[in-house]
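Scroll down for the structure; my scribbles are underneath it.
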Amino acid sequence: MADEIYTTKDEQKAYPLHPEGQFLATCVDVIDLGDKVSEFAGKDKKLQHRIAFVFRTGEVNPETGTALDLAKEFAMSMFKKSSDAQAPLRKFLEQWRGKPYKDDDEAANVPLHKLEGRPVVLSVGHEAWKTDPSKFNAIIVSATPPLAGTVIPKFTPYVRAEYWGKRKEKYALAAQEFRRAIGAPKPKVVEADETDDLPFN
């Protein structure tokens, strides 16, 4: 005789949250996520180039000992109309470097990949899910440069998680379908300039 059993909703596995507070960290990865189909209220969908920074603070999952890394994703935009109207990426980079870019020319073509290995002080908070206020994500609220003379700790070696490859693939498939739907040509592949040495500071 069969057991009496019913299907249930899949419960999302709970992962430990990175603690809140101020943390000395190192940027361990800069990821080009490619184009994402973005939609804003009252506006048409559009393709938006996205990137992500991954930071390591030394905090670990107490159950597994694996690093509790933090990540922040941005649209690839450096526009600025005023201090109150500027791209989140530009605002974040200006916080991190400790001073604003002098003008749009200086803000253009910043070699983001060269920020890998750079130290930073992160302010981390917890933000409730919009779909379930009882659950939270750890988010990077702000980034500032470490004080002069700060000893930067050496963290465990970093390996990019499979999650990022899956995220890139998800964005790429949706972007491909969007281009097909609007009859847009495929994007050109641009080779990176390995000689680019425009300084972050």
Side-chain angles (χ1 to χ4, degrees), residues 12-34 36 38 48-78 80 86-101 107 109-130 135-171 192 196-201:
Q12 198 159 29
K13 184 178 179 181
Y15 292 95
L17 277 177
H18 190 289
E20 293 182 292
Q22 299 278 328
F23 298 88
L24 182 60
T26 295
C27 177
V28 291
D29 204 356
V30 183
I31 305 169
D32 184 349
L33 295 171
K36 177 188 177 184
S38 299
Q48 192 179 58
H49 193 173
R50 308 285 294 184
I51 62 153
F53 297 104
V54 182
F55 300 93
R56 181 155 288 185
T57 64
E59 293 293 319
V60 299
N61 182 331
E63 296 179 1
T64 64
T66 56
L68 290 177
D69 292 334
L70 294 162
K72 195 167 181 69
E73 187 176 325
F74 294 95
M76 180 71 88
S77 173
M78 293 288 277
K80 181 173 183 178
Q86 62 179 320
L89 174 60
R90 181 166 178 164
K91 181 177 180 180
F92 184 79
L93 293 178
E94 288 183 341
Q95 286 179 341
W96 187 356
R97 72 199 296 259
K99 59 184 178 181
Y101 292 104
N109 299 315
V110 175
L112 299 179
H113 56 285
K114 294 190 177 182
L115 296 182
E116 182 180 335
R118 290 268 186 166
V120 61
V121 176
L122 299 178
S123 176
V124 182
H126 289 171
E127 182 179 67
W129 293 13
K130 292 181 181 179
K135 296 179 181 179
F136 295 84
N137 286 325
I139 62 166
I140 296 171
V141 179
S142 64
T144 53
L147 294 175
T150 299
V151 177
I152 309 302
K154 295 196 176 192
F155 300 119
T156 56
Y158 166 83
V159 177
R160 184 179 293 181
E162 292 181 6
Y163 163 85
W164 292 110
K166 293 177 181 178
R167 194 173 187 87
K168 289 177 73 168
E169 183 178 10
K170 178 182 176 182
Y171 285 177
D196 188 353
D197 59 355
L198 187 65
F200 174 61
N201 295 325

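Just so you know, these numbers come straight off a predicted model, no measurement behind them.
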- Are the side chains of Leu122 and Phe55 in touch, meaning some heavy atoms are under 4.5 Å apart? yes

- All heavy atoms of Ile140 vs all of Lys72, minimum pair found to be O-NZ, 3.1 Å

- Message: Can you confirm whether Leu33 sits close enough to Phe74 that some side-chain heavy atom of one is under 4.5 Å from a side-chain heavy atom of the other?
- Response: no

- Task: Check side-chain contact (heavy atoms from CB on, under 4.5 Å) between Ser142 and all other residues, then give those that pass, not counting sequence neighbours.
- Result: Gln95, Ser123

- Pairwise distance CE(Met76) to CG(Leu112) - rounded to 0.5 angstrom: 5.0 Å

- Task: Any pair with a residue in residues 137-160 that passes salt bridge (Lys or Arg N to Asp or Glu O under 4.0 Å), sequence neighbours left out, goes on the list, sorted by first then second residue, please.
- Result: Asp29-Arg160

- Message: Ignoring hydrogens, what is the shortest heavy-atom contact between Ala25 and Thr57? Give both atom names and the distance.
- Response: CB-CG2, 3.7 Å

- Item | Qualifying residues under side-chain hydrogen bond (donor to acceptor under 3.5 Å, both in side chains), relative to Ser77, sequence neighbours excluded | none

- Message: Does anything in residues 51-68 form a salt bridge (Lys or Arg N to Asp or Glu O under 4.0 Å)? List the pairs, not counting sequence neighbours.
- Response: Arg56-Asp69

- Would you say Arg90's side chain and Leu93's backbone share a donor-acceptor pair under 3.5 angstrom? no

- Would you call Tyr101 and Lys80 a side-chain contact if the rule is heavy atoms closer than 4.5 Å? no

- Message: Check the orientation of His126 and Phe136. Use parallel for under 30°, tilted for 30 to 60°, and perpendicular for over 60°.
- Response: tilted

- With sequence neighbours left out, write down each residue that passes salt bridge (charged side-chain N to carboxylate O under 4.0 Å, His left out) with Lys36, or none if nothing qualifies. none

- Message: So which atom in Val124 and which in Ala138 form the shortest heavy-atom distance, rounded to 0.1 Å?
- Response: CG1-CB, 4.3 Å

- Query: Nearest heavy-atom pair of Leu68 and Asn61: which atoms, and what distance?
  - Reply: CG-N, 3.6 Å

- By side-chain hydrogen bond (donor to acceptor under 3.5 Å, both in side chains), Glu73 pairs with (sequence neighbours left out) Arg50, Arg167, Tyr171

- Write down the atom of Cys27, the atom of Leu115, and the distance for their closest heavy-atom approach. CB-O, 3.4 Å

- Message: For a quick test of reading the model, state the closest non-hydrogen atom pair linking Asn137 to Trp129 and the distance between them.
- Response: OD1-NE1, 3.1 Å

- When you look at NZ of Lys91, are more than 12 heavy atoms from neighbouring residues, nucleotides or ligands closer to it than 6.0 Å? no

- Task: State which residues pass side-chain contact (heavy atoms from CB on, under 4.5 Å) with Ile152; sequence neighbours excluded, sorted by chain then number.
- Result: Leu24, Thr26, Pro119, Pro146, Thr150

- Task: Please name all residues satisfying side-chain contact (heavy atoms from CB on, under 4.5 Å) with Pro145, sequence neighbours left out, ordered by chain then number.
- Result: none

- Item | Stepwise side chain to side chain contact (heavy atoms under 4.5 Å, CB included) check, Phe23 with Leu70 | CA-CA 11 Å; Phe23 298 88; Leu70 294 162; 5.7 Å; no

- Item | Qualifying residues under side-chain contact (heavy atoms from CB on, under 4.5 Å), relative to Asp32, sequence neighbours excluded | His49

